[in-house]
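Naming convention: chains lettered A, B, ... in sequence-line order (proteins, then strands); numbering from 1 in each chain. Only a predicted model underlies this, so the values are computations on that prediction, with no experimental measurement involved.
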2 protein chains.
Amino acid sequence: MPTTPAHAKPRSSLRGRPAVTSHAEIEQAAFRLFVTKGFEATTLDDIGEAIGVGRRTITRYYPSKNDIPWGQFDRTLDGFREILRAMPEGLPLHEAVHRGVLAFNDFPADASPSHRDRMRLILTTPALQAHSVLRYASWREVIAEYVAERTGTRPDDLLPQTVGQVALALALTSYQAWLADEDASLPHLLDATMAHLRSYVSA
Amino acid sequence: MPTTPAHAKPRSSLRGRPAVTSHAEIEQAAFRLFVTKGFEATTLDDIGEAIGVGRRTITRYYPSKNDIPWGQFDRTLDGFREILRAMPEGLPLHEAVHRGVLAFNDFPADASPSHRDRMRLILTTPALQAHSVLRYASWREVIAEYVAERTGTRPDDLLPQTVGQVALALALTSYQAWLADEDASLPHLLDATMAHLRSYVSA
DNA sequence: ATCTTTTTGACCCCGAGTGTCATTAATGTG
DNA sequence: CACATTAATGACACTCGGGGTCAAAAAGAT
């Protein structure tokens, strides 16, 4: 998985003034400040000062302060789509989606802000909790499209939308528990919430 | 259900300068502007001007512009709690929760911004979609507490949290479909999403 | 050396949110 | 009635995020 964020255009030519910073540099400097000073207390000027760049430059790299912690998320959605497409046809739908979610959340352990730290920041900061809904929407859409394809419906029909929303619900619950328990395993928690759901609706 | 928002303190005495406006007046004036000019394009000054009041007064009545469309939502949570508490013990858990959600969403048809208009604004405006997660959290907590009580667990255990998240997922899916289809019935859609979920996980 | 391309930084303005404080408008008391 | 008390408002100032504009900077291309 490339570390280059989606915003980075392939740079049509090598002409022109070279970029003095990068998405990665901003993200890492920002992240350090977020965890030490707190997200709200960190201003864009702080981040700019930390890497010797103006505030206006930061806002050109990221559409908003809220988008910085998510980093290269958009990129990973293409991977998610492929994961789902590669699922065996014979698998029951809920099993396929569940395995897809598991695979999607199998992150490399060497990420620069660790996956856990990033998710902790996102899931415990109110402003980021709120903003993330907009990110989740495209994640849900990937699932809805897959379900629609497998069931011969349209992505905005009731079943695909329901499955997308529910899958997100389970993932969020699992992440929450994962952050609360220092030595919990995310895959295990994803299995557990799914198991709870199944027993819940069929009790 | 009283129309007085949660912010309104009972006014300890009748002394002092009388309030020149009210939460209700602000909400209705704001709502009219939101639907005509759009949420983003409506400034707090616009709202203040519409009811002859300063911008600072608006921000004292509502903690943020995003909170205005929700109106008296917090109040209704107490009602939700009672609805759930009144459910027959014998009912299967998922049935009890489902009926609770149905009852909670049985709104009087004469509300001032109609329930549908309010939900359309909230669910189609990105800033409000994002902000609303924070409201949903307390709604989910009501469900989690009920589930915890019935299953002898704690509200932050995995099952109650899962049920809370999933119930919200179903409700949001239903609302989305309700807004998309002019003559759809919300209760019917809530039933339908629940049915889809059941067949999905047990297929 | 000059032209072209691209990024940066320096301004600009706007709107939300928040703190402070004098002013206003009511009630209660002598 | 005059005066103290209480509570809400309005005016002002400030910070921060977001975004538009444009000249300057720094590279490659000719």
| query | Can you list the steps and then say if A/R135 with A/S132 is a side-chain hydrogen bond (donor to acceptor under 3.5 Å, both in side chains)? | reply | CA-CA 5 Å; A/R135 298 300 193 107; A/S132 299; over 6 Å; no
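- Rounded to an integer number of Å, the gap from CZ of B/R60 to P of C/dC21 is 14 Å.
- For A/Y200, there are no ring-ring contact (aromatic ring centres under 6.0 Å, His included) partners at least two apart in sequence or on another chain.
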Table of protein N/O atoms under 3.5 Å from nucleotides 25-28 of chain C N/O atoms:
{"residue": "C/dA25", "atom": "N3", "partner": "B/R17", "partner atom": "N", "Å": "3.4"}
{"residue": "C/dA26", "atom": "N3", "partner": "B/G16", "partner atom": "N", "Å": "3.4"}

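- Counting to the nearest Å, the P atom of C/dA16 and the CG atom of B/N66 are 10 Å from each other.
- Residue A/I58 contributes atom CD1, which lies 13 Å from atom P of C/dA10 at whole-angstrom precision.
- Residue B/R56 contributes atom CZ, which lies 11 Å from atom P of C/dT20 at whole-angstrom precision.
- Put simply, CZ on A/R55 is 14 Å from P on C/dC13, counting in whole angstrom units.
- Contact annotation: A/S64 side-chain N/O to D/dG18 OP1/OP2 distance is under 4.0 Å.
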| request: Could you walk me through whether A/E145 and A/R81 pass salt bridge (charged side-chain N to carboxylate O under 4.0 Å, His left out), step by step? | output: CA-CA 9 Å; A/E145 281 164 20; A/R81 240 177 294 264; 3.5 Å; yes
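- One interatomic measurement links the two molecules: OH of B/Y61 to C1' of D/dT9, which rounds to 9 Å at whole-angstrom precision.
- Among residue pairs with one or both ends in residues 148-179 of chain B, those qualifying as ring-ring contact (aromatic ring centres under 6.0 Å, His included) are B/H115-B/Y175, B/H115-B/W178, B/Y175-B/W178; sequence neighbours excluded.
- Using a 4.0 Å cutoff on non-hydrogen atoms, the parts of residues 30-53 of chain B near DNA chain C are B/T42, B/T43, B/L44, ordered by number.
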| CA sep, side-chain torsions, deciding dist, call: B/M194, A/T162, side-chain contact (heavy atoms from CB on, under 4.5 Å) | CA-CA 9 Å; B/M194 181 50 133; A/T162 302; over 6 Å; no
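- Between A/T57 and C/dT8 there is no side-chain polar atom (N or O) within less than 4.0 angstrom of OP1 or OP2.
- Partners of A/R118 according to the salt bridge (charged side-chain N to carboxylate O under 4.0 Å, His left out) rule, which considers only residues two or more places apart in sequence or in another chain, are A/E27.
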| said: What verdict does the side-chain hydrogen bond (donor to acceptor under 3.5 Å, both in side chains) test give for B/Y136 and B/R140, after you've listed the backbone C-alpha separation in whole Å, the side-chain angles of each residue and the deciding distance to 0.1 Å? | reply: CA-CA 6 Å; B/Y136 297 152; B/R140 286 192 281 109; over 6 Å; no
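- With A/K37 contributing its side chain and A/R32 its backbone, the two residues share no donor-acceptor pair below 3.5 Å.
- Residues passing the ring-ring contact (aromatic ring centres under 6.0 Å, His included) test with B/F73 are B/W70, sequence neighbours excluded.
- The interatomic distance linking B/K65 (NZ) with C/dT18 (C1') rounds to 17 Å, in whole Å.
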